[in-house]
Amino acid sequence: MNLSTIQKRLFAWGMGQANDADVDRIKLIDCPEYQSLGELKRALLGNAQHQVLEIGPGAGASLAYYPKDIHWIGIEPNPFMHQYLEREAQQQGLANIELRQGTAEDLPVEDESIDTVVSTHVLCSVTDLETSFQEIKRVLKPGGNFVFIEHVGEECGTWTRKAQDSINPVWKNLFDNCNLNRETWKILEQVGLEKVNYYQFKLTIPLVSPHIAGIVRKKPVAVG
Ligand SMILES: C[S@@+](CC[C@H](N)C(=O)[O-])C[C@H]1O[C@@H](n2cnc3c(N)ncnc32)[C@H](O)[C@@H]1O
């Protein structure tokens, strides 16, 4: 077993343990609409309908928040996550699930077939952010939503950003290509999805504190 395989196994095990974390205790700072990460996840994921595609679902930390009658497709490149995902889906009463091996940059999903694409703490890790957004847009039905909760880089010039920039090379090697300092919002703004809800806030966890979250929509087909 090589180092990368050991890391991926360990990461999957760690994410599996984290499923039991009480995210209602993770408080949001500077977010007047929602008090905790749990409240935010219930608000953003609780209305997903029909065909839901989650990219990088890890061990399934978001599965508890979906309505039970959706058809959920998970695209998870780390094969060691899959057993945790299946167990979590069963525990959460999600019967209609499909797991596919793949990446956000090359989604194994047909054009315009998905009602909601979900990403929580994944865009920090993808290899190519721009291509991932283009893929998300491709698979969404017109009028479909992209729902996201992501940690991002702090404003340039701040102490937090300086710390993120200096620790990032080591951090991303330790945590499966997770980048602390990505300016994800800048790329999102260029993709041509329209904002429905958009939140910027902080968590009380150092280095991964700055966050963006919300819903952006693919334009519906014009009628008439
Ligand atoms: C920090 S974990 C987050 C897992 C889960 N979304 C959550 O909120 O607990 C990042 C996840 O993104 C996945 N990932 C990494 N690179 C990816 C890529 N290029 N495409 C899709 N998923 C990716 C990892 O395998 C991992 O499951």
Side-chain angles (χ1 to χ4, degrees), residues 23-24 26-58 60-75 94 104-105 107 109-126 128-155 182-203 208-224:
V23 289
D24 282 321
I26 303 179
K27 299 296 173 202
L28 310 190
I29 302 168
D30 298 335
C31 185
E33 293 86 352
Y34 302 106
Q35 302 294 307
S36 70
L37 190 57
E39 204 184 315
L40 176 71
K41 286 185 102 171
R42 276 190 289 279
L44 293 183
L45 304 179
N47 293 320
Q49 285 185 325
H50 310 300
Q51 302 292 325
V52 178
L53 176 83
E54 185 168 346
I55 56 172
S62 292
L63 296 181
Y65 298 89
Y66 294 116
K68 307 298 172 212
D69 59 352
I70 59 167
H71 176 215
W72 180 90
I73 304 169
I75 308 294
L94 287 177
E105 292 88 345
L107 292 171
V109 178
E110 277 181 33
D111 294 0
E112 304 200 339
S113 59
I114 301 294
D115 296 282
T116 306
V117 176
V118 175
S119 160
T120 68
H121 300 131
V122 176
L123 299 177
C124 53
S125 301
V126 299
D128 185 335
L129 194 50
E130 225 162 334
T131 307
S132 301
F133 279 134
Q134 290 306 335
E135 277 291 272
I136 290 166
K137 196 173 169 187
R138 175 184 69 76
V139 302
L140 274 176
K141 293 178 185 174
N145 290 331
F146 172 48
V147 177
F148 58 93
I149 303 175
E150 295 290 339
H151 71 84
V152 293
E154 182 57 280
E155 217 173 291
R182 262 196 190 161
E183 298 183 330
T184 307
W185 69 92
K186 288 192 177 166
I187 314 285
L188 176 62
E189 277 162 16
Q190 295 161 12
V191 190
L193 295 165
E194 49 187 32
K195 278 182 190 170
V196 179
N197 298 324
Y198 188 76
Y199 311 107
Q200 273 178 289
F201 58 89
K202 296 188 198 309
L203 302 184
V208 293
S209 162
H211 269 68
I212 57 168
I215 302 179
V216 289
R217 180 178 298 159
K218 182 165 166 176
K219 269 202 180 100
V221 178
V223 192

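Scope of the values below: all heavy atoms of this structure, side chains included, with no hydrogens, waters or symmetry mates.
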Tell me, with the steps shown, if Ile73 and Gln51 meet side-chain contact (heavy atoms from CB on, under 4.5 Å). CA-CA 8 Å; Ile73 304 169; Gln51 302 292 325; 4.2 Å; yes

Is the number of heavy atoms from other residues, nucleotides or ligands within 6.0 Å of [atom1] ([X]) greater than 12?
X      : atom1 : value
Glu130 : CD    : no
Asn197 : CG    : yes
Glu194 : CD    : yes
Gln190 : CD    : yes

Give me the one residue out of Gln49, Lys41, Glu54 that meets side-chain hydrogen bond (donor to acceptor under 3.5 Å, both in side chains) with Tyr66. Glu54

Going from [atom1] on [X] to [atom2] on [Y], what distance comes out if it is rounded to the nearest 0.5 angstrom?
X      : Y      : atom1 : atom2 : result
Leu53  : Asp115 : CG    : CG    : 11.0 Å
Glu155 : Glu183 : CD    : CD    : 10.0 Å
Ile212 : Trp185 : CD1   : CH2   : 7.5 Å
Ile114 : His71  : CD1   : NE2   : 8.0 Å
Leu37  : Thr120 : CG    : OG1   : 8.5 Å
Leu40  : Asp24  : CG    : CG    : 11.0 Å

Go through the steps to decide whether Phe148 and Thr184 satisfy the test side-chain contact (heavy atoms from CB on, under 4.5 Å), and finish with yes or no. CA-CA 11 Å; Phe148 58 93; Thr184 307; over 6 Å; no

How far apart are the closest heavy atoms of [X] and [Y], and which atoms are they?
X      : Y      : answer
Ile149 : Leu44  : CG1-CD1, 3.9 Å
Gly38  : Tyr65  : O-CE2, 3.8 Å
Phe201 : Ala213 : CE2-CB, 3.7 Å
Ala48  : Pro67  : O-CG, 3.2 Å

Under 3.5 Å: donor-acceptor pair, side chain of [X], backbone of [Y]:
X      : Y      : result
Ser209 : Leu203 : yes
Lys137 : Val191 : yes
Glu105 : Thr131 : no
Arg182 : Leu123 : yes

Is there a salt bridge (charged side-chain N to carboxylate O under 4.0 Å, His left out) between Glu135 and Arg138 once you walk through the steps? CA-CA 5 Å; Glu135 277 291 272; Arg138 175 184 69 76; 2.7 Å; yes

With sequence neighbours left out, what residues match Lys195 under side-chain hydrogen bond (donor to acceptor under 3.5 Å, both in side chains)? none

Is it the case that the ring center of Tyr34 lies less than 6.0 angstrom away from the ring center of Tyr199? yes

We want to know whether Ser119 and Glu150 form a side-chain donor-acceptor pair, criterion being a heavy-atom distance below 3.5 angstrom. yes

When Glu112 is tested against each of Lys218, Lys141, Lys219 for salt bridge (Lys or Arg N to Asp or Glu O under 4.0 Å), which residue passes? Lys218

Picking from Asn145, Leu45, Ile70, what satisfies side-chain contact (heavy atoms from CB on, under 4.5 Å) with Val52? Ile70

Assess the residue pair Ile55 and Val126 against the criterion (side-chain contact (heavy atoms from CB on, under 4.5 Å)); give the C-alpha distance rounded to whole Å, side-chain angles, the decisive distance to 0.1 Å, and a yes or no. CA-CA 10 Å; Ile55 56 172; Val126 299; 5.5 Å; no

